[in-house]
Amino acid sequence: MKYQRPKGTADILPGQSYKWEYIENTARKLFSKYRYHEIRTPMFENFNVFSRTSGDTSDIVTKEMYDFNDKGGRHVTLRPEGTAGVVRAFVQNKLYGPDTYKPYKVFYMGPMFRYERPQSGREREFHQIGVEAFGSDLPELDVEVIAMALDLLKQFGIKHVRLALNTLGDEETRDAYRKALIDYLKPHYDELSDDSKERLYKNPLRVLDSKDPKDKQFVADAPSILDYLTDNAKQHFDKVTSLLDALNIDYDIDPSVVRGLDYYNHTIFEIMVKSKSLGKGYTTICAGGRYNELVKQLGGPDMSGVGFGLGVERLLLFMEGENIPFPNLHPLDAYVVGIGDDTDTETFKVVQALRDAGFSADRDYLDKKPRGQFKAANRLNAEYTLTIGGKELASHKINVKSMASGEEVSVPLKDVKDNFNEVIEDSFN
RNA sequence: GCGACCGUGGUGAAGUUGGUUAACACACCUGAUUGUGGAUCUGGCAUGCGUGGGUUCGAGUCCCACCGAUCGCCCCA
């Protein structure tokens, strides 16, 4: 093979792209109901946009970024996630100003890039659908975002999910907890995994979601951040949980949920599903939380945000694994068969008239014989096959055949062009 | 970054200790049926076995490198 697509990328072909279209359409419709509007930001940003916000020690920044110097010597990065770029745009365009209504609610969908080894549910170019809402510190907004994420999965026909919830509290909480965690883990330093040894001082919270059995034995009895919440942080979190209760949304409070990006605080959550298609155990397909420092970090005012990101490839893998059906968005209403060269023009006119009237219609472009044209109609799953031959042409008629029943009627050509719906109604219902 | 496994037509694949014409099936095209689909039968359909080297009289089969797929770990959506 001479040319192959780059490692970790995918060609999404028509046999698959209709599913993407369905997912994107469904998401758009839902976001509209919650009054979130689309924002489109560049696929690449200055390196600093991500390195500053995601955390200099995070794996995403240190080893997974597609960064390079452009011809002008600018250090740029293909975006590894959606939030930082949106926040940058929010700040640069002064959307925090009084001209915009708060909370300022946006959504995005598009490709993200991470230099990793591809495997199930993970590509180097992958896609996320996400939302961000700025300008409200109230826990009510956290709940809206969580409820909307769950609503979205519900729209896709996904029944059983696990909502894992945690809080990182405010700065004071985090400092106190960080200290407590280090104090707890320090005596076991030699017994920790190499990764965790390194993380202990840089970012001890990450030790909590280690899957290494060596670490897990200590994590189980580690102090819980919930015991270190300041009054404010606790109040915020309690409000979130009580609102979730009021909305009949099930959740598990899971202190091991810490998130891979450093900009979160207060509420964080992951929505997980269990499926053989995504390996054993639960896999996170959607995750998010509140970030109160990010806007300020990128040069904006002290304004908070909350959002989530949904992995489209993982969602798709899960839905396919669970045999959740995707609607056929592009059925073929009519295939027009022309018999004999002199019908060619009229055939084209009928096809265009039907398209003009809002039907999907197609015809032969390979000079096939009638039999071949019917085979094509059958293969394309046409609902109706219309036939024009010499006889029909002379009498200004056309044959209309229902492919499902095999029933065929002869009707005036004009009727088909002017009101195909009525022809179908009268002939087949 | 580490590990495992794999790479033959449009697809699913066979290919025996390396041996000369790369099975079989599906799909597709064609004809039986010069104006009618989903059934049956006719005939057709890989100048090449991911790419590049090497070993050999001879390589799809052995060796090396590279590229890519799949699946773990790490990490993450």
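The structure presented is a predicted model; accordingly, all values stated were derived computationally and were not measured.
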Worksheet item: With nearest nucleotides of RNA chain B determined for His127(A) and Gly8(A) from heavy-atom distances, which residue corresponds to the more 5′ nucleotide?
Response: Gly8(A)

Worksheet item: Which listed nucleotide (C71(B), U70(B), G38(B)) is nearest to the side chain of Pro118(A)?
Response: U70(B)

Worksheet item: Of all the choices, G1(B), A77(B), A69(B), which nucleotide is nearest to the side chain of Tyr115(A) once you look at every atom?
Response: G1(B)

Worksheet item: Of all the nucleotides listed (C74(B), G35(B), G37(B)), which has the minimum atom distance to the side chain of Thr387(A)?
Response: G35(B)

Discussion item. Just to be sure I understand the rule, does Gly82(A) reach a base, reach only the sugar-phosphate, or reach nothing, if contact means heavy atoms closer than 4.0 Å?
Written reply: nothing

Discussion item. Under 4.0 Å, heavy atoms only, any strand: does Leu310(A) hit a base, just the sugar-phosphate, or nothing?
Written reply: nothing

Worksheet item: Short question: side chain of Lys105(A), backbone of Tyr34(A) - any donor-acceptor pair under 3.5 Å?
Response: yes

Worksheet entry | Between A4(B) and A69(B) - C1' atom distance, rounded Å | 14 Å

Worksheet entry | Of the listed nucleotides A77(B), C73(B), G35(B), the one nearest the side chain of Pro370(A) | G35(B)

Worksheet item: Any N or O donor-acceptor pair linking the side chain of Glu116(A) to the base of A77(B) at under 3.5 Å?
Response: yes

Worksheet item: When you measure from the side chain of Lys368(A), which nucleotide among A4(B), A77(B), C29(B) comes out closest?
Response: C29(B)

Worksheet item: Can you check whether Ser120(A) has a side-chain N or O nearer than 4.0 Å to OP1 or OP2 of C71(B)?
Response: yes

Practice prompt. Measure from the side-chain heavy atoms of Arg379(A) and tell me the nearest of C29(B), G72(B), G37(B).
Written response: C29(B)

Worksheet item: Taking atom types as modelled and ignoring hydrogens, do the side chains of Asn292(A) and Arg290(A) form a donor-acceptor contact shorter than 3.5 angstrom?
Response: yes

Worksheet item: Is there a side-chain contact between Tyr251(A) and Arg162(A) (heavy atoms, below 4.5 Å)?
Response: no

Item to complete: Determine which bases of RNA chain B form Watson-Crick or G-U wobble pairs with both distances under 3.5 Å, and write the result as a 5' to 3' dot-bracket string with | for other-strand partners.
Response: ((((.(((.[[[..)...(....]]].((.((.......)).)).....[[[[[..)....]]]]])).))))....

Worksheet item: Between Tyr282(A) (OH) and A77(B) (P), how many Å, whole number?
Response: 19 Å

Item to complete: Nearest whole angstrom, please: distance from the P of C73(B) to the NZ of Lys63(A).
Response: 13 Å

Item to complete: Under 4.0 Å between any heavy atoms, over every strand shown, what does Gly121(A) touch: base, sugar-phosphate, or nothing? Just pick one.
Response: base

Item to complete: For RNA chain B, find the residues of residues 390-410 of chain A with a heavy-atom distance under 4.0 Å and give them by number; none if there aren't any.
Response: Gly390(A), Lys391(A), Glu392(A), Asn399(A), Lys401(A), Met403(A), Gly406(A), Glu408(A)

Worksheet entry | Phe318(A) and Thr283(A), any side-chain heavy atoms less than 4.5 Å apart | no

Fill in: Rounded distance in Å between the P positions of G31(B) and G43(B)
15 Å

Discussion item. Once you apply a heavy-atom cut-off of 4.0 Å, does Arg122(A) come out as touching a base, just sugar-phosphate, or nothing?
Written reply: base

Practice prompt. Would you mind reading off the distance between Arg117(A) atom CZ and C5(B) atom P, rounded to a whole angstrom?
Written response: 13 Å

Discussion item. I want to check one thing: is the phosphate of G37(B), taken as OP1 and OP2, less than 4.0 Å away from some side-chain N or O of Arg371(A)?
Written reply: yes

Worksheet item: Lys375(A) has a side chain; which of A69(B), G38(B), G72(B) sits nearest to it?
Response: G38(B)

Worksheet item: Given the C1' atoms of C74(B) and G3(B), what is the spacing between them in whole Å?
Response: 11 Å

